[in-house]
2 protein chains.
Amino acid sequence: MTKTKTPSAVQPASPPRAAARRVTSYDVAMLAGVSQSAVSRCFKPGASVSKSTYARVMKAAAGLDYIPNAAARSLITRRSNMVAVVISQMANLYYPEALAELSHQIARRGKRVLLFTMQHEADVGRLLADIWQYQVDGAIVAAALTDAQIAEFERRRLPLVVFNRNLRRTGGVNSVLCDQYEAGRLLAGRLAAAGHRQFGIIAGPADSPVATERRNGATDRLRELGLPPPAVVTGQFDYASGTHGLREIIAQLGRVPDAVICGNDVMAIGCLDCARHELGLDVPGQLSVAGFDAVEPSNWLSYNLTTLRQPVQHMAQAAADLLAGLIDAREGELVTAQTRTFAPQFIDGATARLASLAPDSLAA
Amino acid sequence: MTKTKTPSAVQPASPPRAAARRVTSYDVAMLAGVSQSAVSRCFKPGASVSKSTYARVMKAAAGLDYIPNAAARSLITRRSNMVAVVISQMANLYYPEALAELSHQIARRGKRVLLFTMQHEADVGRLLADIWQYQVDGAIVAAALTDAQIAEFERRRLPLVVFNRNLRRTGGVNSVLCDQYEAGRLLAGRLAAAGHRQFGIIAGPADSPVATERRNGATDRLRELGLPPPAVVTGQFDYASGTHGLREIIAQLGRVPDAVICGNDVMAIGCLDCARHELGLDVPGQLSVAGFDAVEPSNWLSYNLTTLRQPVQHMAQAAADLLAGLIDAREGELVTAQTRTFAPQFIDGATARLASLAPDSLAA
DNA sequence: TTGTACGCGTTATCAG
DNA sequence: CTGATAACGCGTACAA
């Protein structure tokens, strides 16, 4: 399966001497005929250096391939220019988009992303010790944190922005989120207004707050409207959960529901494919299917899914903004915590029969 | 679109004093009644400390929430325990999978990923200076590097593993890759053996070496087989490029080709959807479509795409292995460069009419 | 096994 | 504007 080529050439054409000493600001200073602190100043944006020394230093630095050592710098400045980004489900299609945007936004503020991934959201606790170690300037966490964990961020004075997790403890913690509960209500309300009565719900995993909120929003709204209780099953946010989920729901109800609300788009797509290709159902003729996130595939011609978009770019930018503000302001200033909530945006696809109503009549 | 809640509670219930001093190993030493170096030793895996002092130190450390400062440590050990991962196209669906796996593999070796992303692969040069700054222990680069850039890695003695880029300069550089040229040949050969004669190719962007190799592999094989020259168009590895590409090809040829080879799965899916939903073509009845990568959506029931899988997990593991070896061995040892090449795996989907041939008869 | 003393490479302070 | 000097927090010889 794999062949290993081993060319006769050896790694670098290195001088036979042992590990070369790093080039430091002292080397540059020596070569340029100035003091070490002069070199340091030349690499600090707003420093006061004469044009002539600046030129000499830069020439020497270029000749030696000198680059300031960020570790040494961060030791004294107390700034590493690194931001921890904690993400649980990279398989989720939604998170890669978010991560790409976060990385971009953080980079344009002169910082870099130190990435922390995990399989299960509950494992976040084990990552925290590493986060403290690496002396990051702040953290963007897309995972559920306990109150104790949040308290530890505060004790350590580490700026924290919670991304897309609605925490029980709303006070005092900065967060950027899309209103998932409201999204669930909105979707259920729209579908109910179009005449759907018997619902199925394929919810996300129980340990995901996002999944829970979406489900609760939908079920609460349905209850308010006096509709029969939906058949609810849970999945893992993946395609297979969508296909299995639909079968389960049909088994529970003894019939095909009018509509299935899925905890995210990937499950909705699985549900859709199962309905069309395995059960031979007409969607949306016999069954409406809807999801959340508006990931890229939901827009493909084969699906054209009815779903709710989370404004990923805006959310990533807001998170980066918020965090940058916390980091820069952080000298004894009193910073009030913010929650920036973004509204989900309804995507009127082709997988649900929807009455075209005036927007006002379906306030959730 | 966004509402900003500002609770009256202020950030942390912080003591009115200014920024608290960090807790260092000296603080722990003081509290435990030992020297600072004793504390240091307690946090070094294989050190010699008596059970009693170890216990006292650990207790004091726990009481103070002490965590060693990685920046200070890396200054003296010359190890940051960070690995740079450079990735260009996070939108590509294939790369998130690779990144997740890389992050996992690197984490289990006790290191973390410092992420560098960019829009265009040509921008990699601007990232390099940052990579030097951050004192990473090594780098995994999924982008095309010039010979000069590779040489700079060598001069700086920074372990480098090139991921999925076949470089012109093959000697002396460690790399993990899937044989894209061979993949192109294999796919073209299979389709030709099944009787397809007139091909279209929707290639990836010209600045992507992967795209170029896949295309060249296919066109070379077709030429060898004496088939008519394929209609070739280029796209951006995205869905829209697939839909537009098919139209262009049909316009160029004045007819629907027998088969279209697409530079990746997302373009193949776009091509497929265009053929079925916009042009009303029967796939694979009237037209065969194939791609590369076997990303998750290619396996969904609506597509079931004929494609070639890159063994992402194996490749990520190989890259992490290779890099870890370089990092650990790095004391004057002579390390020979390796290229670990993985074979693509044919996925016999349902979007191409393929003769069921004995595997031997279609050696490319 | 433990403590002392030094150095890693940089920025910050303060005279000149 | 420039140079000496003191941190930053830790690992590690070396001597005890």
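In what follows, chains are A, B, ... by sequence order, proteins preceding strands, each numbered from 1.
For A/L127, the side-chain contact (heavy atoms from CB on, under 4.5 Å) partners two or more places apart in sequence, or in a different chain, are A/V86, A/F116, A/M118, B/R112. With sequence neighbours left out, B/E152 forms a salt bridge (charged side-chain N to carboxylate O under 4.0 Å, His left out) with B/R156. Not a single salt bridge (charged side-chain N to carboxylate O under 4.0 Å, His left out) links B/D207 to another residue, sequence neighbours left out. For B/S25, the side chain to side chain donor-acceptor pair (under 3.5 Å) criterion is met by B/Q36, not counting sequence neighbours. Applying the salt bridge (charged side-chain N to carboxylate O under 4.0 Å, His left out) criterion to A/D123, with sequence neighbours excluded, gives A/R126.
Distance CG (A/L64) to P (C/dG9): 14 Å, rounded to an integer number of Å. With rounding to whole Å, A/N81 atom CG is found 15 Å from C/dT10 atom P. A/Q135 places its CD atom 19 Å from the P atom of C/dG9, with the value rounded to the nearest Å.
Helix bend of the helix from C/dT1-D/dA16 to C/dG16-D/dC1: the angle between its two end axes, each built from five pairs, comes to 30° after rounding to 10°.
Within the structure, salt bridge (Lys or Arg N to Asp or Glu O under 4.0 Å) pairs that include any residue of residues 36-45 of chain A do not occur (at least two apart or interchain). The ring-ring contact (aromatic ring centres under 6.0 Å, His included) contacts involving residues 117-136 of chain B comprise B/W132-B/F153, where partners must be two or more places apart or lie in separate chains.
For D/dC1, the OP1/OP2 oxygens have a side-chain nitrogen or oxygen of A/S48 closer than 4.0 Å.
Nucleic acid contact for A/T53: sugar-phosphate only, since backbone atoms but no base atoms lie under 4.0 Å from a heavy atom of the residue.
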In B/S/- notation (B base, S sugar-phosphate only, - none; protein heavy atoms under 4.0 Å), nucleotides 8-16 of chain D written 5' to 3' is BBBBBB---
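Ion pairing between A/D321 and A/R109 holds under the 4.0 Å rule for side-chain N and carboxylate O.
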